[in-house]
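These notes concern the structure reproduced below.
Residue numbers start from 1 in every chain, and the chains themselves are labelled A, B, ... in the order their sequence lines are given, proteins ahead of strands.
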Number of protein chains: 2
Amino acid sequence: MAVDQLSRVFAALADPTRRDMVARLAVADATVNELAGPFDMSLQAVSKHLRVLEDAGLVSRSREAQRRPAHLEAEVLDMMTAWIERYRRQAEERFSRLDAVLAELPDDIDPLPIPPRPIADGKGARP
Amino acid sequence: MAVDQLSRVFAALADPTRRDMVARLAVADATVNELAGPFDMSLQAVSKHLRVLEDAGLVSRSREAQRRPAHLEAEVLDMMTAWIERYRRQAEERFSRLDAVLAELPDDIDPLPIPPRPIADGKGARP
DNA sequence: CTCATATTCAACCAATCAGTTGAGTATCCG
DNA sequence: CGGATACTCAACTGATTGGTTGAATATGAG
């Protein structure tokens, strides 16, 4: 994988199955078997999804007898929020600045000159 | 398109090229040509990326002579933040609750029997 | 040691994705 | 009108993804 972590995290959460897993891991750590419960999907498929989350750094795993419980690593979520919020804020600022400019426009300016009307057919020309 | 918007938005931002576009659209609206500038990539490819962002609801487009300037729709970002923050907060709470429990443990309990050997590797690097 | 449980590995498949090139459409300008 | 500019559509391609099944590994219980 020659792809940066931010990309991996976004990609990981682009799948509803994986988002569901994250939602449940936020409540409690869980094994592959437990996670697989609600899904109509093979155990191996769930294992693969878990692997994607792990590669993205969203979950860590430990060993507990045969089980390998997954644990949500919430810090990575902060990385996403940081990215998103940065640009949301930037855009927001820009918009409010635009609003301010518009609000300051003096009344004697007509910012929307009506374009000259190209005219119609020559049928039934009126004198 | 049988895929929910949240999935589309996450997927849209899973690509570095598209994240870069979003970053620049946060600064100013831009046309396909302008956006394509820095990329070593055909105009059509950029147009396609823009389409993905549009389908995800992240940008809207208008018409201005031949140009079709793209405009960042920041509200959608809020949807992501809402999702992420919900689970981050949930996990966070859970951890602090756990901390509280541990802090309350009477002294005569040894809550952390030291494992004979912390699993040394646990996971070999796969080629 | 042998068996059961929990999980992963490996090979395969269909669908989607990110990119390409080439042709087509929309809009303005002279 | 005819061109130039800005963009999109269509068809193709190789890589990745989300799923499958069957075999393999890891660990604890008897």
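One N or O on the side chain of B:Arg61 and one on the backbone of B:Arg68 form a donor-acceptor pair closer than 3.5 Å.
Between the CG atom of A:Asp29 and the P atom of C:dA6 there is a distance of 17 Å, rounded to whole Å. Rounded to whole angstrom, the span from the CZ atom of A:Arg51 across to the P atom of D:dT16 amounts to 16 Å. Remark: P of D:dC7 and NE2 of B:His49 are 16 Å apart, rounded to the nearest angstrom.
Classified by interplanar angle (parallel below 30°, tilted 30° to 60°, perpendicular above 60°), the ring pair B:Trp83/B:Phe10 is perpendicular.
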Tabulate protein N/O versus nucleotide N/O from nucleotides 23-30 of chain C, keeping only pairs under 3.5 Å, one per line.
| residue | atom | partner | partner atom | Å |
| --- | --- | --- | --- | --- |
| C:dT27 | O2 | B:Gln66 | NE2 | 3.4 |

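Not counting sequence neighbours, the partners of B:Ala56 by the side chain to side chain contact (heavy atoms under 4.5 Å, CB included) test are B:Arg8, B:Val9, B:Ala12, B:Leu58. Legend: residues meeting side chain to side chain contact (heavy atoms under 4.5 Å, CB included) with B:Ala45, ordered by chain and number and at least two apart, are B:Met41, B:Ser42.
Applying the ring-ring contact (aromatic ring centres under 6.0 Å, His included) definition to pairs two or more places apart or across chains, those involving residues 59-80 of chain A are A:His71-B:Phe95. The stretch residues 15-26 of chain B participates, sequence neighbours left out, in these salt bridge (charged side-chain N to carboxylate O under 4.0 Å, His left out) pairs: A:Asp4-B:Arg19, B:Asp20-B:Arg24. Among pairs with a residue in residues 25-59 of chain B, none fulfils ring-ring contact (aromatic ring centres under 6.0 Å, His included), at least two apart in sequence or across chains. Judged as a salt bridge (charged side-chain N to carboxylate O under 4.0 Å, His left out), the pairs with a partner in residues 25-44 of chain A (not counting sequence neighbours) are, in order, A:Asp29-B:Arg94.
For C:dT8, the OP1/OP2 oxygens have a side-chain nitrogen or oxygen of A:Ser47 closer than 4.0 Å.
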In residues 73-81 of chain B, what donor-acceptor pairs under 3.5 Å come from side-chain atoms, sequence neighbours left out?
| residue | atom | partner | partner atom | Å |
| --- | --- | --- | --- | --- |
| B:Glu73 | OE2 | B:Ser60 | OG | 2.8 |
| B:Asp78 | OD1 | A:Arg88 | NE | 3.1 |
| B:Thr81 | OG1 | A:Glu85 | OE2 | 3.1 |
| B:Thr81 | OG1 | B:Leu77 | O | 3.0 |

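Minimum heavy-atom separation, B:Ala91 to A:Leu72: CB-CD2, 3.9 Å.
Distance check, rounded to the nearest 0.5 Å: CD of A:Glu92 to CZ of A:Arg89 gives 8.0 Å.
Residues from residues 32-43 of chain B lying near DNA chain D, meaning a heavy-atom separation below 4.0 Å, are B:Val32, B:Asn33 in numerical order. A heavy atom closer than 4.0 Å to some atom of DNA chain C occurs in no member of residues 9-22 of chain A.
Nearest-nucleotide mapping onto DNA chain C: of A:Lys48 and A:Arg61, the residue sitting toward the 5' end is A:Arg61.
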